[in-house]
There are 2 protein chains.
Amino acid sequence: MKSGPTYARVAALIGDPARANMLSALMSGLALTARELAQEAGVQPSTASGHLKALTTAHLIECEKQGRYRYYRIANQETATAIESLQVLSQHNGLLRVRPGPKDPALRKARVCYDHLAGEMGVRLYESMAARDFFKVAADGISLTDVGEKFVYDFGVDVQQCNASRRPMCLACLDWSVRRHHLAGALGAAMLTAAFDQGWLMRGSGSRLVRFTAAGEAAFRKAFPIVS
Amino acid sequence: MKSGPTYARVAALIGDPARANMLSALMSGLALTARELAQEAGVQPSTASGHLKALTTAHLIECEKQGRYRYYRIANQETATAIESLQVLSQHNGLLRVRPGPKDPALRKARVCYDHLAGEMGVRLYESMAARDFFKVAADGISLTDVGEKFVYDFGVDVQQCNASRRPMCLACLDWSVRRHHLAGALGAAMLTAAFDQGWLMRGSGSRLVRFTAAGEAAFRKAFPIVS
DNA sequence: GTAATAATTCGGTCAGGAACGAACAATGAA
DNA sequence: TTCATTGTTCGTTCCTGACCGAATTATTAC
């Protein structure tokens, strides 16, 4: 019985540290370029290319060409579920390291996912805007409606500049801490910048952590009410 | 970033073909000896010993000493869940091999899990007996009550001989096809043998498949009614 | 007591695959 | 056009870890 079960190959793919680092980065829901993933894994681009090819042929990730960039992302929900269950398993079995106590709820509440807002507040922003029909859902993604465009303009976002960037305008990014979506893409980044400019929040001690000021949180909740 | 995320180590452990073969065998819910697992993996006992040590220290499996045997089993539900999700992922992505069409439902209905009955009929047997208080649940496992002992005696099982064997008498074995329990252990094996002796069922074409005769299925359903 | 079996530890061999650098192809910017 | 940047392929090096066999320990059978 030389060859193992079919799932052994998949587990071996996830089991390599470099590839696992790439997958972890992609678990943010963002699509990243090959170079960014090489950086994330701490290997040379040539090495990363081989890993990305292996992951792609196994259908764990998929690739989208945009100009000279290649954006990679998690291919399907099954892959995300498998990685999540492995995370759960390693945290459960690794009795060594405990989750940070007071830091964790703060991170769950609000953090930066690369350059946009994630956590509960990020989910609130997305769902509040979605409930008010600021987004238009198309086959290739989501985009702003007219009223949505007016809203983000009033919020302090230069819509023209967002459109000009090569980056996808709007992205619905799955939030793995709360299992719901938040807003990513150029618009997500621009809105976070606008919120910073208005003094609503500041970067916290950790690299990903952001903290709302008291007045900023009140203003945020008013600007993004929960609409049923 | 040389070292990967914590779950990479777990995935790598599962990713080795020999270890994956062992885990697959243990996913039956049975506790197996080191030698049986070496056989299952197709490696020498010395090699298997190293694998088992690695899996044990990672808390993926756990070991119980009984005389000169060491019984290994899946350590916890998190491990089983992770392996299951990897199975799902590999089946979903491996577009190559399709599940056998007509064979599958028959296997779901009734099959042999090593030496006892599994599948829907196995679950029915266990749940029917449990509903009639034939089992007594203790901290270290389940055992027969007095009425249960009388029942299996009438069924044609030599209870004395079952007790004499070193093997655990009763085991509740999780059935991965229906996510419910069926009866394993010495009693499970003896009851399957008794059912064979009564001519209720026969071994099917596949090694694990068993088929009920029409009369046998009727008698089985009468002997193990669904009690609410 | 001796023999037999289960399981582990240790030392040595060897292949798979992860890493890098160099060269090349593709695309966008000057 | 020329240059810069992204990403891939190829050839090479090298190290981890999977495997086996022999020896050792522990337990049961005779």
Side-chain angles (χ1 to χ4, degrees), chain A residues 1-5 8-23 25-26 30-58 60-73 164-167, chain B residues 1-5 8-23 25-26 30-58 60-73 164-167:
Chain A
M1 196 176 296
K2 199 191 292 183
S3 71
R9 175 173 286 293
V10 183
L13 280 173
I14 303 177
D16 177 76
R19 285 191 293 262
N21 276 325
M22 294 177 176
L23 290 171
L26 292 174
L30 290 175
L32 300 175
T33 68
R35 224 168 183 78
E36 288 171 319
L37 289 169
Q39 171 84 6
E40 203 69 37
V43 295
Q44 295 300 319
S46 61
T47 304
S49 180
H51 288 313
L52 291 171
K53 186 178 182 181
L55 291 172
T56 304
T57 56
L60 295 185
I61 63 176
E62 56 189 16
C63 178
E64 188 178 346
K65 253 180 99 169
Q66 277 188 23
R68 60 180 165 183
Y69 295 89
R70 297 204 181 174
Y71 286 94
Y72 291 91
R73 69 174 64 120
S165 86
R166 241 192 325 275
R167 222 175 134 183
Chain B
M1 195 175 298
K2 199 192 288 182
S3 73
R9 177 173 285 291
V10 183
L13 280 172
I14 303 177
D16 177 76
R19 285 191 292 262
N21 276 326
M22 295 177 175
L23 290 171
L26 292 174
L30 290 175
L32 300 175
T33 69
R35 230 175 178 72
E36 288 171 320
L37 289 169
Q39 172 85 5
E40 203 69 37
V43 295
Q44 294 302 317
S46 60
T47 304
S49 180
H51 288 313
L52 292 171
K53 186 177 183 181
L55 290 172
T56 305
T57 55
L60 294 184
I61 63 176
E62 57 189 15
C63 179
E64 187 178 348
K65 251 180 103 170
Q66 276 189 23
R68 60 179 166 185
Y69 294 89
R70 298 203 181 174
Y71 286 93
Y72 291 91
R73 69 173 66 115
S165 87
R166 239 193 328 275
R167 224 175 132 183

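The figures here come from the full heavy-atom set of this structure, side chains too, leaving out hydrogens, waters and symmetry mates. Letters go in sequence order (proteins before strands), and every chain restarts at 1. Being a predicted model, the structure only gives us computed values, none of them experimental.
- Remark: P of C:dA7 and CD of B:Glu64 are 13 Å apart, rounded to the nearest angstrom.
- The base of D:dG7 lies outside donor-acceptor range of the side chain of A:Ser49, with no N or O pair under 3.5 Å.
- Whole-Å rounding puts the B:Tyr69 OH to D:dA26 P distance at 18 Å.
- At the phosphate of C:dA7, neither OP1 nor OP2 sits under 4.0 Å from any side-chain N or O atom of B:Lys65.
- When the P atom of D:dT5 is taken as reference, atom CD of A:Gln39 falls 16 Å away, rounded to whole Å.
- Atom CZ of A:Arg70 and atom C1' of C:dT27 are 11 Å apart (whole Å).
- Defined by atom type and a distance below 3.5 Å, a donor-acceptor pair is present between the side-chain atoms of A:Glu36 and A:Thr33.
- If you find the closest nucleotide of DNA chain C to A:Ser46 and to A:Asp16, the one lying nearer the 5' end belongs to A:Asp16.
- Checking C:dT9, C:dT8, D:dT8 against the side-chain heavy atoms of B:Lys53 singles out C:dT9 as nearest.
- Atom CD in A:Glu36 sits about 14 Å away from atom C1' in D:dT5, given to the nearest Å.
- Nucleotide D:dT13 holds its P atom 19 Å from the CD atom of A:Gln44, rounded to whole Å.
- For B:Pro45, taking side-chain heavy atoms from C-beta onward, the closest of the listed nucleotides C:dA19, C:dT8, D:dC19 is C:dT8.
- In this structure, the nucleotide among C:dT27, C:dG21, C:dA7 sitting nearest to the side chain of B:Thr33 is C:dA7.
- Remark: B:His51 is not in phosphate contact with D:dG17, judged by side-chain N or O atoms under 4.0 Å from OP1 or OP2.
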request  = Might you work through the side chain to side chain contact (heavy atoms under 4.5 Å, CB included) test for A:Met22 and A:Glu40, ending with a clear yes or no?
outcome  = CA-CA 6 Å; A:Met22 294 177 176; A:Glu40 203 69 37; 5.7 Å; no
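- Distances were taken from every side-chain heavy atom of A:Thr47 (C-beta onward) to each of C:dA7, D:dT8, C:dC20; the shortest belongs to C:dC20.
- In the set D:dA18, D:dC20, C:dG21, the nucleotide with an atom closest to the side chain of B:Arg19 is D:dA18.
- Here the CG atom belonging to B:Leu52 is positioned 11.5 Å from the CG atom belonging to B:Leu60, to the nearest 0.5 angstrom.
- Interface remark: the B:Arg68 side chain does form a donor-acceptor pair with the C:dT5 base, using a distance-only criterion of under 3.5 Å.
- Separating the CG atom of B:Leu32 from the P atom of C:dA6 is a distance of 15 Å, rounded to the nearest angstrom.
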task = Start with the C-alpha gap between B:Leu26 and B:Leu37, add the side-chain angles, then the distance that decides, and say whether side chain to side chain contact (heavy atoms under 4.5 Å, CB included) holds.
result = CA-CA 8 Å; B:Leu26 292 174; B:Leu37 289 169; 3.9 Å; yes
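- Atom pair A:Leu37:CG and C:dA18:P shows a separation of 17 Å (rounding to whole Å applied).
- Side-chain N or O atoms of B:Arg19 include one that pairs as donor or acceptor with a backbone N or O of B:Leu13 at under 3.5 Å.
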